[in-house]
Amino acid sequence: MQHASTAPVARPRPRWWTELPLLALVYGAYSAGRLVARGDVSTAVDHGLSILRMEKTLHINLEHPLNRLLTAHPSIGIPSDFAYASLHYLVTPAVLVWLFRRRQEVYRRARTWLMTSTLLGLIGFTLLPTCPPRLLEARHGFVDTMAQYSSYGWWGTEASAPRGMGGMTNQYAAMPSLHVGWALWCGILLWRHGKNPYVRAAGVAYPLITTFVVMGTANHYLLDAVAGAAVMGVGALLARPVMRLADRIRDRVGARFPRIAPVAESPVVSAGCKTSAGERIPGQRTTSADSTDAAASADADASAGRVPRADTAAPAAAGAAGDDAPAAAR
């Protein structure tokens, strides 16, 4: 008898009670890392001025006209400040929840992509502390719109931090712009996996609006936005290798500590299974049962004066021969 084969063990689906602590741990490490990686203020200012000079040389310093637009028109500047201070923390978790509930097949890779890119951004903050345009001297032509319109929101004069909590944020973590990076992540996933045309349109509009907002509010340079997009690209390339590494680590931990190993799916016993002679599957019709039915049909035909049909007579004869045969021959 051929042994039953088992299907490949599938990875367990992510569960919310394991996902929430993981995401909280990564975000906590990211926030703490930003505070630690403050760097020297004079170095951050030098980096900011270098970026600005490069953009002027290439004639791509779009921050100046956008900042003047938001400064001169409160109807544009105030909504932009609200968008900068809030959407970053609302849209990204909403897209994560949507993927978890509706697109489980892509959730794990998307989550790994986001976390990997975020940690890469933290490396950028550490190696290249950068002064945002709004903190440069006034002679460079920038106005801090968050400070200008602070009476309309919960923030003060220290970026999007609530009043009195500016010390809990690193204002020189401008390169790369993860506002733009996270918005691009959201946009790509909404475009690729959204079925509603409005959802897909939002996937296109959201990264563009975010880029407009971060430059118009003088919180980021254009090259910060480009670096944010580049970080997300690298994170997308590293997502699968990171997932494979995580799987190997989980397998080793599971082998060392079996009790905390994830429960595998039950094997599929019927796949490729065959029965040997003398065995039968419960509920399966046997030859003797078929012969009994055929013999009953032939007797009914004979009593009615009809000639027995060939398709019933033959099985009946075969069944009779089988009953008269020695037990060793059956």
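Without hydrogens or angle criteria, Trp113 side chain to Met232 main chain gives a donor-acceptor distance under 3.5 Å. With hydrogens and angles ignored, the 3.5 Å screen pairs no side-chain donor or acceptor of Asn61 with any backbone N or O of Glu63. Not one N or O on the side chain of Asp144 forms a donor-acceptor pair closer than 3.5 Å with the backbone of Leu135. Using modelled atom types, no side-chain atom of Arg134 and backbone atom of Val143 make a donor-acceptor pair closer than 3.5 Å. With hydrogens and angles disregarded, no donor-acceptor distance shorter than 3.5 Å links the side chain of His47 to the backbone of Cys131. Judged by distance alone, the side chain of Thr71 and the main-chain N or O of Arg68 form no donor-acceptor pair under 3.5 Å. Remark: side-chain polar atoms of Asn67 are paired, donor with acceptor, to backbone N or O of Gly216 under 3.5 angstrom.
Under a hydrophobic-cluster definition in which Ile, Leu, Val, Met, Phe, Trp and Tyr are linked whenever side-chain heavy atoms come within less than 4.5 Å, directly or via other members, Leu90 and Tyr198 are assigned to different clusters. Transitive grouping of hydrophobic side chains (ILVMFWY, heavy atoms separated by less than 4.5 Å) brings Leu222 and Leu69 into a common cluster. In this structure, Leu127 is a member of the same hydrophobic cluster as Leu120, with clusters built from ILVMFWY side-chain heavy atoms closer than 4.5 Å. Linking ILVMFWY residues whenever their side-chain heavy atoms come closer than 4.5 Å, directly or via other members, places Ile188 and Val95 in the same cluster. If you chain together hydrophobic residues whose side chains sit under 4.5 Å apart, Leu70 and Leu208 never meet in one group.
For the pairing with Cys186, the side-chain contact (heavy atoms from CB on, under 4.5 Å) check across Leu96, Leu114, Val91 returns one residue only, Val91.
With rounding to the nearest 0.5 angstrom, the CG atom of Asp81 is 7.5 Å from the OH atom of Tyr149. Rounding to the nearest 0.5 Å places CD1 of Ile51 at 6.5 Å from OH of Tyr221. Here the OG-CE distance, from Ser80 to Met215, works out to 11.5 Å after rounding to the nearest 0.5 Å. Atom-to-atom distance recorded for Leu223:CG and Ser177:OG is 11.5 Å, nearest 0.5 angstrom. Once rounded to the nearest 0.5 Å, the distance linking CZ of Arg103 with CG of Leu189 reads 11.0 Å. Taking NE2 from His179 and OG1 from Thr92, the interatomic distance works out to 9.0 Å, rounded to the nearest 0.5 Å.
Aromatic ring orientation, His64 versus Phe142: parallel (interplanar angle below 30°, classes split at 30° and 60°). Note on ring orientation: taking the six-membered ring where Trp is involved, the planes of Phe82 and Trp154 are perpendicular (angle over 60°, cut-offs 30° and 60°). In this pair, His88 and Trp182 present their aromatic rings parallel. The plane angle is below 30°, not in the 30 to 60° band.
No side-chain heavy atom of Phe100 sits less than 4.5 Å from a side-chain heavy atom of Arg111. With contacts defined as side-chain heavy-atom distances shorter than 4.5 Å, the pair Thr210/Leu87 does not qualify. For the pair Val214 and Val180, the minimum side-chain heavy-atom distance is below 4.5 Å. Thr118 is not listed as a side-chain neighbour of Trp185, based on a closest heavy-atom distance of 4.5 Å or more. Counting heavy atoms from C-beta outward, Val45 and Glu137 have side chains that stay 4.5 Å or more apart.
Here the shortest heavy-atom pairing between Ala173 and His220 reads O-CE1, 4.3 Å. Taking each heavy atom of Ala236 and Ser117 in turn, the nearest pair found is N-OG, 4.4 Å. Shortest non-hydrogen contact noted between Ala218 and Pro132 is O-CB, 4.1 Å. Across Gly121 and Pro176, no two heavy atoms sit closer than the pair O-CD, 3.8 Å. The two residues Pro74 and Ala72 have their closest heavy-atom pair at CD-O, 3.6 Å. Of all heavy-atom pairs between Gly203 and Pro207, the closest is O-CD, 3.1 Å.
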Using the rule given for side-chain contact (heavy atoms from CB on, under 4.5 Å), can you reason through Lys56 versus Leu52, listing the C-alpha separation, both sets of side-chain angles and the distance that settles it, and then say yes or no?
CA-CA 6 Å; Lys56 287 182 176 180; Leu52 184 60; 4.0 Å; yes
Asn219 vs Tyr84, test: side-chain contact (heavy atoms from CB on, under 4.5 Å). Steps then yes/no.
CA-CA 9 Å; Asn219 278 285; Tyr84 181 83; 3.4 Å; yes
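Classification of Arg250 and Asp247 as a salt-bridged pair holds, one side-chain N sitting under 4.0 Å from a carboxylate O.
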